[in-house]
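Protein chains get the first letters and strands the later ones, always in sequence-line order, with residue 1 at the start of each. Every value quoted in this text rests on a predicted model; they were computed, and no experiment measured them.
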Number of protein chains: 2
Amino acid sequence: MSRSKGRQLDTKAQLLTEAETFARQRGFDGFSFADLADNAGIRKASVHYHFPAKADLSLALIDHYREVFMDRLHQITATETTASARLLQFVDLYRQASEGGRSLCLCVALSVTQSALPTDSTAALAAFHRDVIGWLESVFRLGGRDGSIRQISDPRAEAQATMAQVEGAQIMARAAGHPARFEAGIATLVGRTV
Amino acid sequence: MSRSKGRQLDTKAQLLTEAETFARQRGFDGFSFADLADNAGIRKASVHYHFPAKADLSLALIDHYREVFMDRLHQITATETTASARLLQFVDLYRQASEGGRSLCLCVALSVTQSALPTDSTAALAAFHRDVIGWLESVFRLGGRDGSIRQISDPRAEAQATMAQVEGAQIMARAAGHPARFEAGIATLVGRTV
DNA sequence: CGCTGTCTACCATAAGGTAGGTAATTTGAT
DNA sequence: ATCAAATTACCTACCTTATGGTAGACAGCG
């Protein structure tokens, strides 16, 4: 691995991380290429070298987020054996993403701005949701078998409801500016684990 | 009622309505004073006459939204007697606001952009949530008494969870670009009504 | 040499906002 | 009832800064 190549990857990855943070805290329209450049200590034109247009950035952002997030879900599947443990770990992912109301899941943040995004990005956004809901469905299916989650009707319905609940809980925590609101929003969900 | 005064109120109200639509479809950073002006058929400077700065607009927006929304909730209380009927009407409010994924509750849309809003607006946003959750809590309390909603643990927890669920369902419908996702996100909630 | 990653310098447009003017009304004192 | 003063709701014209984006140069490295 050459130094130059290493530096490129580092810079691009750093820009992506910064952009993610900005987008999740302020929304996709809430930061500019100049913000990214300032933060990374390079010039605006250099940011455009890595991401020609903001549309490209949005796509890279959601693709990267999706990849990292699904990796984490797979890791949960690998390390936790009961449905309840998996569900609690899942909720914890959103709890962390919420950062006490300071931040949101990228997916939630981008959904609001959606109309300004290119078709590729909205498709990736939809795919992210599909994948996560699919994973959750398998958790609830397991929960029906191992009995570690109470009152499961339809696993798919439960998966979709859960997704809605954790995303909504993030919004509530943000609106209230208080981490406790996130906990309150998901309490009925957590209360069902055995 | 003089003609001039009538016209002023009309224009201001129209601007507010337009701004609400824009904010809910594109987020608060997704439209400009120029957009509002074009849409209302007046000049940008005239928009500034009604709302000096965008911060003023954000506050007017959320205040108005809160007023209208709470009115609707009170109307539901006045016309529906069972907790289940009230809950279903509440969900319908969010279903309508979702507009098949094209729009969001103003509160959800503004929460994302929150960091760019003045303190007054974020306070009003928090107050909106507080009020709605309070109303929902009373519905679940009634549900415990009249038995029209199943499996109620703590009314306050249920209220917060419900709020999270309907808001999250809107985000999901938007991300999927499909009204059915909203229904899927709230199905477990609706399924509990008797 | 050719590629990578950065730079300076630029550009057009859009953004939020202000200054000052004007026609039509409304108000208030005579 | 009438007339001046104030107010309302709009206008044109302008300003500053930010924004997304491009062109072209240059240093370092394989």
Side-chain angles (χ1 to χ4, degrees), chain A residues 1-20 22-23 25-62 110 113-121, chain B residues 1-20 22-23 25-61 109-110 113-121:
Chain A
M1 186 181 80
S2 78
R3 183 152 176 275
S4 138
K5 209 160 200 171
R7 258 181 63 209
Q8 186 226 330
L9 290 175
D10 282 358
T11 305
K12 189 164 185 174
Q14 188 194 341
L15 286 171
L16 214 51
T17 307
E18 282 170 16
E20 188 188 314
F22 281 146
Q25 288 179 350
R26 320 181 187 170
F28 192 67
D29 293 336
F31 69 95
S32 66
F33 275 67
D35 292 327
L36 291 177
D38 285 354
N39 231 271
I42 59 174
R43 299 292 160 167
K44 204 162 59 98
S46 308
V47 181
H48 278 285
Y49 169 76
H50 295 288
F51 306 101
K54 219 181 176 187
D56 302 300
L57 177 60
S58 77
L59 188 58
L61 222 40
I62 179 84
L110 290 193
T113 318
Q114 204 188 32
S115 48
L117 302 179
T119 332
D120 289 353
S121 300
Chain B
M1 184 182 81
S2 78
R3 185 153 172 274
S4 139
K5 207 158 200 173
R7 260 181 61 209
Q8 186 227 331
L9 290 175
D10 282 357
T11 304
K12 188 163 187 176
Q14 188 193 341
L15 286 171
L16 214 50
T17 307
E18 283 171 14
E20 189 188 313
F22 281 145
Q25 287 178 351
R26 322 180 184 168
F28 192 67
D29 293 335
F31 70 96
S32 66
F33 275 66
D35 292 327
L36 291 176
D38 286 354
N39 232 272
I42 57 173
R43 300 292 160 166
K44 201 162 62 95
S46 309
V47 182
H48 279 285
Y49 168 76
H50 294 288
F51 306 100
K54 219 180 175 186
D56 302 300
L57 177 59
S58 77
L59 188 59
L61 222 39
L110 289 193
T113 317
Q114 203 189 31
S115 47
L117 302 179
T119 331
D120 289 353
S121 300

Original post:
If you look at every strand shown and take non-hydrogen atoms under 4.0 Å, does A:Ser46 touch a base, only sugar-phosphate, or nothing?
Top reply: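 Base contact.
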Original post:
How long is the line joining CZ of B:Phe51 and P of C:dG16, in whole Å?
Top reply: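 Checked: the CZ to P distance equals 14 Å.
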**OP:** Could you check how far CZ of A:Phe22 sits from P of D:dT19, rounded to whole Å?
**Re:** 11 Å
The side chain of [X] lies closest to which of these nucleotides: [options]?
| X | options | result |
| --- | --- | --- |
| A:His50 | C:dT8, C:dT6, D:dC10 | C:dT6 |
| B:Lys54 | C:dT6, C:dG17, D:dA23 | C:dG17 |
| A:Ser32 | C:dG17, C:dA15, D:dT19 | D:dT19 |
| A:His48 | C:dA19, D:dC10, D:dG21 | D:dG21 |
| B:Ala53 | D:dT8, C:dT18, C:dG17 | C:dG17 |
| B:Thr11 | D:dG20, C:dT8, D:dC10 | D:dC10 |
| A:Phe33 | D:dG20, D:dC11, D:dC10 | D:dG20 |
| A:Ala34 | D:dT19, C:dG17, D:dG20 | D:dT19 |

Taking the side chain as every heavy atom from C-beta outward, state whether [X] and [Y] have any pair of such atoms under 4.5 Å apart.
| X | Y | value |
| --- | --- | --- |
| B:Lys54 | B:Phe28 | yes |
| A:Leu36 | A:Ile42 | no |
| A:Arg26 | A:Asp35 | yes |

**OP:** Please state whether the base of C:dG17 and the side chain of B:Lys44 form at least one donor-acceptor pair under 3.5 Å?
**Re:** yes
Original post:
Regarding B:Lys12 and the six-membered ring of B:Tyr49, is the cationic atom NZ or CZ under 6.0 Å from the ring centre and inside 45° of its axis?
Top reply: no
